[in-house]
Amino acid sequence: MNVPCFFARLALVLVPVAGLLAQPGPAPVPAPPANLPPYNARALFAPNFLDQPGPTTRTAGGAPGATYWQNAADYQITASLDEKKARVAATAVITYTNNSPDALGFVWLQVDQNLFRNDSRGAAITPVQGGRFGNAARGFRGGDSLQTVSIELHGKKLAANYRVTDTRMQILLPEALRAGGDKLKISLRYAFNIPEYGADRLGRLKTKNGEIFEVAQWYPRMAVYDDVEGWNTLPYLSAEFYLDYGNYDYTLDVPANYLVGGSGELLNPTEVLTATEQQRLAKAAVSDQTVIVRGPAEVTQANSRPAGRGGRLRWHFRCQQARDVAWAASASFVWDAAKMNLPSGRKALAQSLYPVESAQDTAWNRSTEYVKKSIEYNSKQWYEYSYPVATNVAGVVGGMEYPGIVFCGDKARKGQLWGVTDHEFGHNWFPMIVGSNERKYPWMDEGFNTFINILSSQNFNNGEYKEQGDVAGRLVPGITRALLDPNQDVPYTIPDVTQPRNLGYAAYGKTGYGLYLLRQEVLGPERFDFAFRTYIKRWAFKHPTPRDFFRTMNNAGGEDLTWFWKQWFFENYLLDQAVTTVTYVNQDPTKGALISIENKGQAAFPITAEVKEASGKTSTVRLPVEIWQRGGTWTFRVDTTSPLTTVVLDPTKILPDVNRGNNTWRALSMSN
């Protein structure tokens, strides 16, 4: 999901990292608060809040324990698109496996299309003027129409006893689903109308060569029953999703002149592609350069698509070890693709689907390059991409992620398209691989993703869009302004409680920036990267909690970072570090200088001080955060041979210091 630079780019509906990290230029930092609350070492370095024991299924060090379990859901779906009515009709068979130690007398499913009913909870909380995550257009007849629901349990087939409440469906079982691997089959026949603009998750875009359908949340999905809360049944109001893993087999019946992109691997290319398209696709699969599979001039040519039976074709996809699937279909698509090189030696396919208008007027002809390089970098840096194909689709959705496929705005240009593509595919690590509960903790996917976007933007084409990752010059001013707002929400806030204007700050910017600071200023890249990779590897295709992340970083990083987690995720503490005085040992500059500093705010960070002497010598002093455990003032000694001219704290201006005016000390002669 994307949120612009604290909504400064809301009209463009672009990627958060593109907005957060590509502002027009550093804005002036506002004046610091007149009276900051006093620094209190005991409040910041409080007894470890991680001391409280977690579930026995998770270790004290933040890893899945010997008794860790999670349930699974496999899906077989057959769907048909009525392009004239903009309606999907489908049947789905869900095989749900109860790996928990608990007998389950009922199960819950998510029927997310019910958000688009006019009487939904989501509609009720949508402002009168509308909103990005609100209901569809007024008068739209949305919602899942359930024709039949049946179950098979312990060899018995029968109609399901179920009830639907808003976006949730509860099935009451005739006998309990037993612990330790018992299976339940749920069969559903249903249909729904595709909204024109579906809360920036799905929708329809009219182009000169046909309508683009981006289809998501398109089947009833099992709610998660986990070892932390049992059933997770928060209604779908606007925030995102928490899902179990499983295997998907799905077939899509669409008009024959349509191209379809879907999560996972296309199983029947010979049935749905022309011989020319198959040849070009095979070429793309071994090419590091983008290959046109269907070009702009071919979009209107009838021979660029097979005739099909009755003017329709059935596209068959499979996606394994995934938490969701989505798809897009249109007659208007230009299609290009290229090979992705993954660390294990495995190859995957990057591809893009976009209308002729985007090929002519935007950067979409570079989309596949963006997909390829984003995924290759993150695979090498963090964990290997897990799907056989990565598809970028241009349409009405500004930016939304699903396993192996993302939807990005059709009008995005150059750095904007890089930013939104990189961000949405970054979500294939958080939460597609690391399956955190983004429904409750969006900072664990949006914020972590914003962080990895900083590094991937710095890396892309040796810095073509490096300004998007220039944290010190561009991100800090925005964060500083937000930090000074007393009405901001902290990251550790359920998203539906977060004020909409604060979402970009709480879920994206503060977390992404904080992890960057943790990497650059506290642990260092080597230790941070090892700890972060350890977290990803431990929780790949599993369900971590915030406690698991904090403990893993503490243990693998070799630091007690409790102070950092507290000030950054649970509080809106402000940082104000100052140089107060400079004296000399025995009043003699050749014997060394004594520099006194003060922590005036509630937050703390390690100190980096740049010290310059009249002789021209410059030295850098680094002090650990533990100096602030001793109180709010500290004096340190520097070996000098001549008088000091300046002392500067945080010389790279990377920290969110709210008053840079007191970061610098100058000798009197320098001040005149």
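- Between the side chains of Asp576 and Asn662, at least one donor-acceptor pair of N or O atoms lies under 3.5 Å.
- Nearest heavy atoms, Arg660 versus Ile654: NH2-N, 4.3 Å.
- Using modelled atom types, no side-chain atom of Arg323 and backbone atom of Pro403 make a donor-acceptor pair closer than 3.5 Å.
- When the side chain to side chain contact (heavy atoms under 4.5 Å, CB included) test is applied to Pro651, the partners found at least two apart in sequence or on another chain are Thr608, Glu610, Val648.
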Kindly determine whether His423 and Asn449 satisfy side chain to side chain contact (heavy atoms under 4.5 Å, CB included), including the steps that lead there.
CA-CA 7 Å; His423 182 80; Asn449 189 19; 3.2 Å; yes
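- Separation of the Phe532 and Tyr383 ring centroids does not fall under the 6.0 Å cut-off.
- Remark: Glu613 engages Ser615, Lys617, Thr640, Thr641, Ser642, Leu644 in a side chain to side chain contact (heavy atoms under 4.5 Å, CB included) (not counting sequence neighbours).
- Two residues are said to be in side-chain contact when any heavy atoms from C-beta on lie closer than 4.5 Å; Pro546 and Tyr441 meet this criterion.
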Gln577 and Tyr39: CA distance, side-chain angles, deciding distance, side chain to side chain contact (heavy atoms under 4.5 Å, CB included) verdict:
CA-CA 11 Å; Gln577 299 183 145; Tyr39 175 68; over 6 Å; no
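- Considering Thr421, Asn461, Thr290 as possible partners of Glu369, the one that fulfils the side chain to side chain donor-acceptor pair (under 3.5 Å) test is Asn461.
- A donor-acceptor contact under 3.5 angstrom links the side chains of Asp422 and Ser456, judged on distance only.
- Distance alone, capped at 3.5 Å, places no donor-acceptor pair between the Asp650 side chain and the Asp657 backbone.
- Although no hydrogens or angles enter the test, the distance criterion places no donor-acceptor pair under 3.5 Å between the side chain of Ser358 and the main chain of Thr362.
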Check against side chain to side chain donor-acceptor pair (under 3.5 Å), Thr368 and Ser352:
CA-CA 6 Å; Thr368 292; Ser352 301; 2.9 Å; yes
Start with the C-alpha distance between Phe528 and Phe451, add both sets of side-chain angles, then the distance that settles ring pair (Phe, Tyr, Trp, His ring centres under 6.0 Å), and finish with yes or no.
CA-CA 12 Å; Phe528 178 94; Phe451 161 68; 5.2 Å; yes
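- Between Tyr492 and Phe569, the gap from one ring centroid to the other reaches at least 6.0 Å.
- In this structure the side chain of Val490 never reaches within 4.5 angstrom of the side chain of Trp443, judged on heavy atoms.
- Contact of the Ser379 side chain with the Pro343 side chain is registered, since non-hydrogen atoms from C-beta on lie closer than 4.5 Å.
- Of the N and O atoms on the side chains of Thr580 and Ser596, not one donor lies less than 3.5 Å from an acceptor on the other residue.
- Checked against the 6.0 Å centroid threshold, Tyr370 and Trp364 do not count as a close aromatic pair.
- In this structure, the salt bridge (Lys or Arg N to Asp or Glu O under 4.0 Å) partners of Lys600, at least two apart in sequence or on a different chain, are Glu598.
- Residues His427 and Glu446 bring a donor and an acceptor atom of their side chains to less than 3.5 Å of each other.
- Atom-to-atom distance recorded for Gln629:CD and Arg42:CZ is 11.5 Å, nearest 0.5 angstrom.
- Under 4.0 Å is where a charged nitrogen must lie from a carboxylate oxygen, and between Glu464 and Arg366 at least one such pair does.
- Judged purely by distance below 3.5 Å, without hydrogens or angles, the side chains of Gln381 and Asp529 pair a donor atom with an acceptor atom.
- Sequence neighbours left out, the pairs with a member in residues 621-649 that pass salt bridge (charged side-chain N to carboxylate O under 4.0 Å, His left out) are Arg637-Asp639.
- Contact record, Pro606 with Trp563: CD-CH2, 4.1 Å, taken as the closest heavy-atom pair.
- Under a 3.5 Å cut-off, the side chain of Asp548 and the backbone N or O of Thr545 do form a donor-acceptor pair.
- Checked for salt-bridge contact, Glu571 and Lys566 meet the test: a charged N lies under 4.0 Å from a carboxylate O.
- Formation of a donor-acceptor pair under 3.5 Å by the Arg527 side chain with backbone atoms of Gly557 is found in this model.
- In summary, the aromatic rings of His543 and Tyr242 are positioned with their centroids under 6.0 Å apart.
- Shortest non-hydrogen contact noted between Thr552 and Gly62 is OG1-O, 2.9 Å.
- Residues Met553 and Glu559 have side chains not in contact (no heavy-atom distance under 4.5 Å, counting atoms from C-beta outward).
- Of the possible donor and acceptor atoms, none in the side chain of Asn378 sits under 3.5 Å from a partner among the backbone N and O of Trp382.
- Looking at Asn428 and Ser386, their side chains never come closer than 4.5 Å, going by heavy atoms from C-beta outward.
- A side-chain donor from one of Tyr505 and Asn572 sits under 3.5 Å from a side-chain acceptor of the other.
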When you look at Val625 and Val522, which way does the side chain to side chain contact (heavy atoms under 4.5 Å, CB included) test go after all the steps?
CA-CA 8 Å; Val625 75; Val522 181; over 6 Å; no
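- Between the side chains of Ser367 and Asn392, at least one donor N or O sits under 3.5 Å from an acceptor N or O.
- Of all heavy-atom pairs spanning Arg201 and Tyr402, the tightest one is O-OH, 3.0 Å.
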Between Phe636 and Ile597, does a side chain to side chain contact (heavy atoms under 4.5 Å, CB included) hold up when you go through it step by step?
CA-CA 8 Å; Phe636 61 96; Ile597 57 178; 4.0 Å; yes
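- Between Lys380 and Glu376, no side-chain nitrogen of the basic residue sits less than 4.0 Å from a carboxylate oxygen of the acidic one, so the salt-bridge criterion is not met.
- Nearest heavy atoms, Arg551 versus Ala60: CD-O, 3.1 Å.
- For the pair Lys510 and Trp568, the cation-pi criterion (under 6.0 Å, within 45° of the ring axis) is fulfilled.
- Among residue pairs with one or both ends in residues 581-595, none qualify as salt bridge (charged side-chain N to carboxylate O under 4.0 Å, His left out); sequence neighbours excluded.
- In this structure, Glu521 contributes its side chain and Leu518 its backbone to no donor-acceptor pair below 3.5 Å.
- Side-chain atoms of Asp200 come within 3.5 Å of backbone atoms of Gly398 as a donor-acceptor pair (strictly under, hydrogens ignored).
- Checking Thr645 against Arg666 by side-chain atom types alone, no donor-acceptor pair falls below 3.5 Å.
- Listed for the Thr635 side chain is no donor-acceptor partner under 3.5 Å among the backbone atoms of Leu594.
- A pairwise comparison of heavy atoms in Leu649 and Ala609 identifies CD2-CB, 3.8 Å as the closest pair.
- Inspection of the Trp565 and Asn554 side chains reveals an N or O donor paired with an N or O acceptor under 3.5 Å.
- To the nearest 0.5 Å, the span separating CD1 on Ile454 from CD on Gln520 amounts to 9.0 Å.
- Trp628 contributes a side-chain N or O that, together with a main-chain N or O of Phe605, makes up a donor-acceptor pair within less than 3.5 Å.
- Here Lys612 pairs with nothing under the side chain to side chain donor-acceptor pair (under 3.5 Å) rule; sequence neighbours left out.
- In summary, Asp361 and Lys411 do not engage in a salt bridge, as defined by a charged side-chain N under 4.0 Å from a carboxylate O.
- Close placement of the Trp418 and Phe460 rings is indicated, their centers lying within 6.0 Å of each other.
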